[in-house]
Amino acid sequence: MNKKENWILCPICGNKTRLKIREDTELRISELCGLTDTDLDFENRIINVDHQLLRTKETGYYIETPKTKSGIRQIPMSAKVFEALKRVQTRRRNAKPLIIGGYSSFLFLNRDGCPETAVNYDTMFRGLVKKYNKHHKEALPKIVTPHTLRHTFCTTMANAGMNPKALQYIMGHSNITMTLNYYAHATFDSAKAEMLRLVA
C-alpha cells in the first residue's frame, strides 16, 4: 500500500486519532495497545517503549517485554502525536480498574472499558478496506493490516533519505539488514547524486 492509500484510509476511520498516533510513531500494534500514562513523557515529548500487551482466549491479557533489546526504545513525539495523545487521555472514559502484569491506566480502550488488543485493529482494518473498496474503483488489497502501514512508513522514511541507523532504532529492528531492505536499490545515477550531494 502506498502513501496515498495510507492517507486515504485515515479520514474514513471512525477513530482517526488512533491511526494518526500509529502512523506517526510506527509502534507495533501490541506496543501501541500496551501504552499507559506512565509511558508518556510529555515534558520531553518522548514515548517510552519497554513492553507490549497481548491477549489470548486461553490466558486472557498478559504483558511481554519486546523480543529483543532493540525493541526497548524511546520514540520522539511529533507535535501532532503530542496533541493526539493528550486528546486520548482527555476523552478516555469508563476505564475498568485493571492491573495487567503490573501495568494500569492503558490509553486505548474498547467499548467495555478494557484495553484494546491487536484483534480490535485487525477488525477495524477489514472494515476500512471493505468500506474504501465499496466507494472507489481502484481497490485496495483485501488484506491490509496495521503491519502493512508499518512497512509503508519504513519505506517512506527510507526513500526520504532517513539515516538507516536512526530508522532501525525507531522501528525497533534487531538487525540493520531488516531496515536496509526498505531502501531503494542503488543505481549509478543515485550513487552519483549522493556523491555530489556529500562532496559539494
Have Q168 and T179 got a donor and an acceptor in their side chains that come within less than 3.5 Å? no
Would a distance-only check, ignoring hydrogens and angles, find a side-chain to backbone donor-acceptor pair under 3.5 Å from [X] to [Y]?
| X | Y | result |
| --- | --- | --- |
| Y103 | L35 | no |
| D112 | C114 | no |
| R73 | I170 | yes |
| Y61 | L98 | no |

Same cluster for [X] and [Y] if Ile/Leu/Val/Met/Phe/Trp/Tyr side chains link at under 4.5 Å?
| X | Y | answer |
| --- | --- | --- |
| L40 | V88 | yes |
| I176 | L167 | yes |
| I100 | F108 | no |
| V81 | M171 | yes |
| M77 | Y169 | yes |

Locate the shortest heavy-atom distance separating [X] from [Y]; write the atom from each residue and the value.
| X | Y | result |
| --- | --- | --- |
| E31 | G71 | OE2-O, 4.2 Å |
| T65 | Q52 | O-NE2, 3.4 Å |
| A118 | C33 | N-SG, 4.1 Å |
| L53 | E116 | CD2-O, 3.8 Å |
| F106 | P115 | CD1-CG, 3.6 Å |
| I72 | P66 | CG1-CG, 3.9 Å |

Between [atom1] of [X] and [atom2] of [Y], what distance do you get to the nearest 0.5 Å?
| X | Y | atom1 | atom2 | answer |
| --- | --- | --- | --- | --- |
| I99 | T36 | CD1 | OG1 | 12.0 Å |
| L85 | T90 | CG | OG1 | 10.5 Å |
| F82 | R45 | CZ | CZ | 4.5 Å |
| T59 | L54 | OG1 | CG | 8.5 Å |
| Q74 | N44 | CD | CG | 8.5 Å |
| I63 | R55 | CD1 | CZ | 13.0 Å |

Please assess V49 against R28 for the test side-chain contact (heavy atoms from CB on, under 4.5 Å), listing each intermediate value before the final yes or no. CA-CA 10 Å; V49 182; R28 296 176 177 90; over 6 Å; no
Does the pair E64 and S30 meet the rule for a side-chain contact (heavy atoms from CB on, under 4.5 Å), with working shown? CA-CA 9 Å; E64 271 193 0; S30 55; over 6 Å; no
May I ask you to check whether over 12 heavy atoms, not counting those of N94, lie within 6.0 Å of atom CG? no
